[in-house]
Structure formats: C-alpha cells, structure tokens
A.B. asks: 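Handing you this structure, nothing more for now.
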Amino acid sequence: MNSSEVMQDFDLPMDLAAERQVLGILIKHPSQVDQVADRLRPSHFVDLGHRRIYEIILDLYHKQGRISYSQIYNRLVAEGVESPAELLIALTESFVSLSELEPCVEILIRQEGLRRIIKACDTIRAMALDPKAEDLAALQARAQELIFDATQAQGGPENEVKNLLEVLSQCYLNLLRRREGQEDAYGLSVRFPSIDGMTTGFKKKDLIILAARPSMGKTALLLNMVTNVAKRGIPVLVFSLEMDAEQLGDRIVLSELFTYKQDGQHVVSAHEYQTKLSDEQFQLTQKVFNDLYHLPIAIVDKRGLTVAEIRAKARRFKAENPDLGLIVIDYLQLIKPPGNANRSWALIVGEMVRELRDLAGELDVPLILCSQLNRGVESRENKRPMMSDLRDSGNIEEFADVVMFLYRDDYYYPELAREKGTEGLAEVIFAKQRKGATGVVQLRFIKEYTRFIEETKRQVEVAHGAR
Amino acid sequence: MALDRELDKTKVMFIDTCRRLLELGELSEEEYLGICDLLDRLDELDKESFEQELRRISRGLSDLIS
C-alpha cells in the first residue's frame, strides 16, 4: 500500500490535515482514544495510510496494548506499507494542542456523511440510467433506501447508553401525562375497552399480529380499530394488499351505518347500501359520509408490494405526517417476497416480519400486521387457533410483541351457534403479549355490517345460559 | 510543545534507522525490539538511565551514538 494513497477522486469532501491532526493527537495522548473510539470509524479517514493507522490504534486500544509511534511503525512495516516513517513524521508535525481533537473529529464525521450522500446519489444515478433497470416503483423504493441509509445518524454507543435517572425521568413524565389525561392510557387505544383492557393500548414500536382463518373477520376488526383511532384525529396508514381502497371505503361506511341501527334510527342494510337506497336512507348515508370524510386515514391499495416498498411509502408518509399514530397491513401472505428466495419459506416470512417490526421501531408507531392461518386448525376438534398454527405460517411469532387470534364458533358450527345463542360471538385470543397478560376477550361480530362491538358481560351470561 | 514534536519526530527517525540496521544485520531482532521498548519509555528516563539502558540493549549502537 502506498502510504499517501487516497481513495477515489479528489473531488470528494475530505480533510487530510484534520485526519493527521486526529491521529497525531491520539498517538501522543492515547487516553483520548476513549473519547473518539465510539464515534470515529476507519471509514472516516479517506487516506488509506491514515485509515490503516487508525485501525492499528483501535486494535492496540482494544487489546489494551501500548499506543506509541514504535508500535504503529512496526505494524505498518509488517504490513508492507511503504515509507512508514514519512507517514508518521507527518503526524508528529500535524497538531499543536489537544484542544484541536474535538473540532477535527467533527470535521471528519461531517465529511464522511457528505461522502456517503454523494455515493448514494452516484449509485441511484447509475441505477436510473441502467437500461435493465427494475420497474419504477422498485427503483424508487431502492433509491429511498439508499438515501435513508446514507443519511442515518452514524452516532455510536454514546447515544445508546442511558443512565437509569434519565430513563426513570422519562417514565415519570409519562406517568404525569397519563394522570393529567394528556395521554390515552399507556399506548394507543383502539376504543374496544376489552382489547384496551388487555393491552393498555398498543405501544409505539410494537409489532402486533392479528391472525385468523380466511373470512373470520380480520379485515373488519382491523378497519374498526383504524376508524376508532382516526376519529381521535390520529393519522393512520393502511396497506391493503387484497382489497382496493373503494372496497375498504364501503366497508368503513357500512360499519358506521350500524351505529344508527344501534341508536334505533332508520336502518340502511348492507344490501340496500349496495343496491338502492330510499331518499331517507340516502340522506342518512350522506351524513355518514360527511362524518367520515375528514378522518385522517391514508390507504395504499397496491398489490404485490415488497417490504422495501412498504417501508419506503411508510417513511415518506411519516415524513409528511409526523403525527402518524398507527400503521396496519392486510395481510402478510400477500406481501411479495424478495427475489433471491433460496431459503425456506419460514425463514423468508420471518425476515419480512422482522423488517416490519424494525419499521415500527424506526417510525415509532405500533404496526398491526394481519396474517392468515393455514388449515392446520381445522384438523382439531377445538378449532381455536394456537401459537403452533402461526408457526406453520412462518417464523412470525418470535418477532411479534403481541399475537392476537380471532375466532368465532359460528364460523365452523353456524347452526349450533344459532341454537346456543352464541351466533356472532367472537373471541380475541391474546396468545402472546410481551408487555402484558395473555388471555381471551369477547366481542360480537355484526357480519352484515362488518362491525365488531363490545360484548357485555350480561350478554355473555345470557348466551351461556341459553346453551 | 515544539520541542515535544521534535522529540517525537526524532523517535520515529531513530526507529526507522534502527530498522534499517536490523535489515543490514547490524542489529538483532532482540536488540531492535529492546530499542523500541526503550523509546516508548523515554519519558520515564533521564539521560543517564537512557544511555545505561541503551548500552545494556546494544553495546554497538550505544558506542555508535556516543
């Protein structure tokens, strides 16, 4: 290696003088390595000789060896570096005082940040000009990823280590806010008291799985929760990989029409909504539309999205809507897997779920991911889903913070349910909850209106009594 | 501070010269490493101790310097 060799071209942001100053100070004052080791990486040095010297310094530091000119000189000789003396003499002459260290470190960090941005832009340009480029959506997603990675703060462990005082201070502030009613419970309430009671609200950064057999009502429950959240002015982003936006819109309207039925007002049935309405029914339905127009719900109904595309759209939405409170995805099995799928399906699914969990963490929101269950449940007498049913669909469970199963008796035994009076009775089975208890809560499913409502205790007793 | 920098510069040049002597066979590997160690401890030694240590490590080099 030529000791003065510099990477790439001279148009890149760099400051060789600052590099020499930093290295000179660290060799002369080895105790200062502590101050920079978690912030400065070898890639912050453009000159390859300087980079190698910094790597040696770090190596000696980690092995608790002595950091000195002779140690570094001998390492450079052993690696065949030309003119190591010339390289090191330049370092001895590079600085005047210790106070130069911090400003020079800041310079190197800044220059490296600029280089990463330039490199990402160069890569994006090459991708866009490639005649064999992927489709535009994939290209845009990839470009977003590159820019995001290039602009991520490269802060080291000094940003990650928190002392207990800092942590408890934040916990205390959160407690005061809840006490004063400034925050809904501990997390995001979905305004189903039984669900909120189990979860104390869905937590930011959490991945929540809502799994069930097809047509059990996952999408209905999901949309009900979305609407309830949005009614409080909290933006929600919906990825619907199965139904298009208009179908979702109709479901939301229908679900709200049930409210008027509950209030004893003139009813608009699902059939009438989908066919022809009387003038009075039309006016009522218009009212529902007017109530719903302003809800901050955004829908992405493009099919065949990959996780990367979901991530890109979610990041962009969050940047435009910093108050984003919830992301939902319906459903996992319709997410397009990555192209190079040479591994088992379970591992591929697991990786997709892990990336979505990371997305929830990055955007600081809860993310509800619907998942279908395979037919394994049907072979059992008790068809209530269990964790093993989720495992059959892939490595999902390990990355989830909450796993909810949806189950209805009347799905499998409609006549029996009718006789017992348990028709429409739905169980939300909390099979896993990292920050709470497991258990079962009950809701009632009004199928015609794709609406879930709370099942009161009294109703449950009546239902049981009717058996 | 300037003196400090000159001293460091001199150390590097000295090590480099000793390295060349090693390559020429004028110094053994053991002597060379001993000298490197001595230079790293230079701040701890006065002139007399330094000369004594150097003589102990390499008589030939000590005579050359004096």
Side-chain angles (χ1 to χ4, degrees), chain A residues 1-4 17 19-33 49-50 52-54 56-57 59-61 63-101 104, chain B:
Chain A
M1 170 183 23
N2 184 320
S3 63
S4 62
E19 290 182 16
R20 283 191 290 270
Q21 279 172 285
V22 167
L23 293 175
I25 292 170
L26 292 180
I27 297 172
K28 186 67 183 173
H29 303 279
S31 60
Q32 295 302 309
V33 178
H50 294 166
R52 190 62 200 115
I53 290 173
Y54 186 63
I56 293 170
I57 289 173
D59 189 48
L60 290 169
Y61 168 75
K63 288 178 180 164
Q64 293 171 330
R66 190 172 50 206
I67 298 175
S68 66
Y69 281 108
S70 64
Q71 295 294 324
I72 295 170
Y73 175 90
N74 288 328
R75 289 281 289 263
L76 291 173
V77 165
E79 290 171 19
V81 172
E82 289 176 27
S83 314
E86 194 181 302
L87 196 57
L88 291 174
I89 287 169
L91 302 188
T92 65
E93 297 167 336
S94 65
F95 72 101
V96 175
S97 82
L98 192 50
S99 61
E100 293 164 34
L101 179 63
C104 288
Chain B
M1 224 7 156
L3 192 62
D4 231 4
R5 290 206 301 271
E6 280 302 312
L7 183 58
D8 286 337
K9 187 174 167 182
T10 307
K11 276 187 197 175
V12 174
M13 289 164 65
F14 188 67
I15 294 167
D16 195 44
T17 304
C18 289
R19 183 80 207 172
R20 287 178 209 280
L21 289 174
L22 171 67
E23 286 165 3
L24 290 170
E26 299 295 332
L27 280 179
S28 69
E29 182 84 26
E30 196 187 334
E31 286 173 321
Y32 172 74
L33 291 175
I35 292 165
C36 289
D37 182 64
L38 183 63
L39 286 175
D40 285 347
R41 293 187 292 118
L42 198 61
D43 295 342
E44 302 162 21
L45 304 168
D46 57 30
K47 183 172 181 283
E48 201 181 308
S49 307
F50 171 76
E51 284 174 358
Q52 225 171 33
E53 271 297 300
L54 190 60
R55 202 170 298 121
R56 185 186 65 75
I57 293 167
S58 168
R59 182 96 199 187
L61 187 63
S62 174
D63 291 343
L64 192 68
I65 291 170
S66 43

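Every chain is numbered from 1 and lettered A, B, ... according to where its sequence line falls, protein lines coming before strand lines.
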A.B. asks: Taking atom CZ of B:R20 as the centre, does the number of heavy atoms from other residues, nucleotides or ligands within less than 6.0 Å exceed 12?
C.D. replies: no

A.B. asks: Between chain B and each of A:I72, A:L88, A:V77, A:I27, count heavy-atom pairs under 4.5 Å; write down the option with the most.
C.D. replies: A:V77

A.B. asks: Return yes if some donor-acceptor pair links the side-chain N/O of B:R5 with the main-chain N/O of A:F95 below 3.5 Å, else return no.
C.D. replies: yes

A.B. asks: Let me know if B:K9 has heavy atoms under 4.5 Å from chain A in its side chain, its backbone, both or neither.
C.D. replies: both

A.B. asks: In terms of heavy-atom pairs under 4.5 Å with chain A, which of B:L39, B:L7, B:I15 leads?
C.D. replies: B:I15

A.B. asks: Can you tell me how far the OH atom of B:Y32 sits from the OG atom of A:S70, to the nearest 0.5 Å?
C.D. replies: 7.5 Å

A.B. asks: Going by atom types alone, do B:D8 and A:T92 pair a side-chain donor with an acceptor below 3.5 Å?
C.D. replies: no

A.B. asks: Evaluate A:E86 against B:D16 for side-chain contact (heavy atoms from CB on, under 4.5 Å), listing each step before the verdict.
C.D. replies: CA-CA 10 Å; A:E86 194 181 302; B:D16 195 44; over 6 Å; no

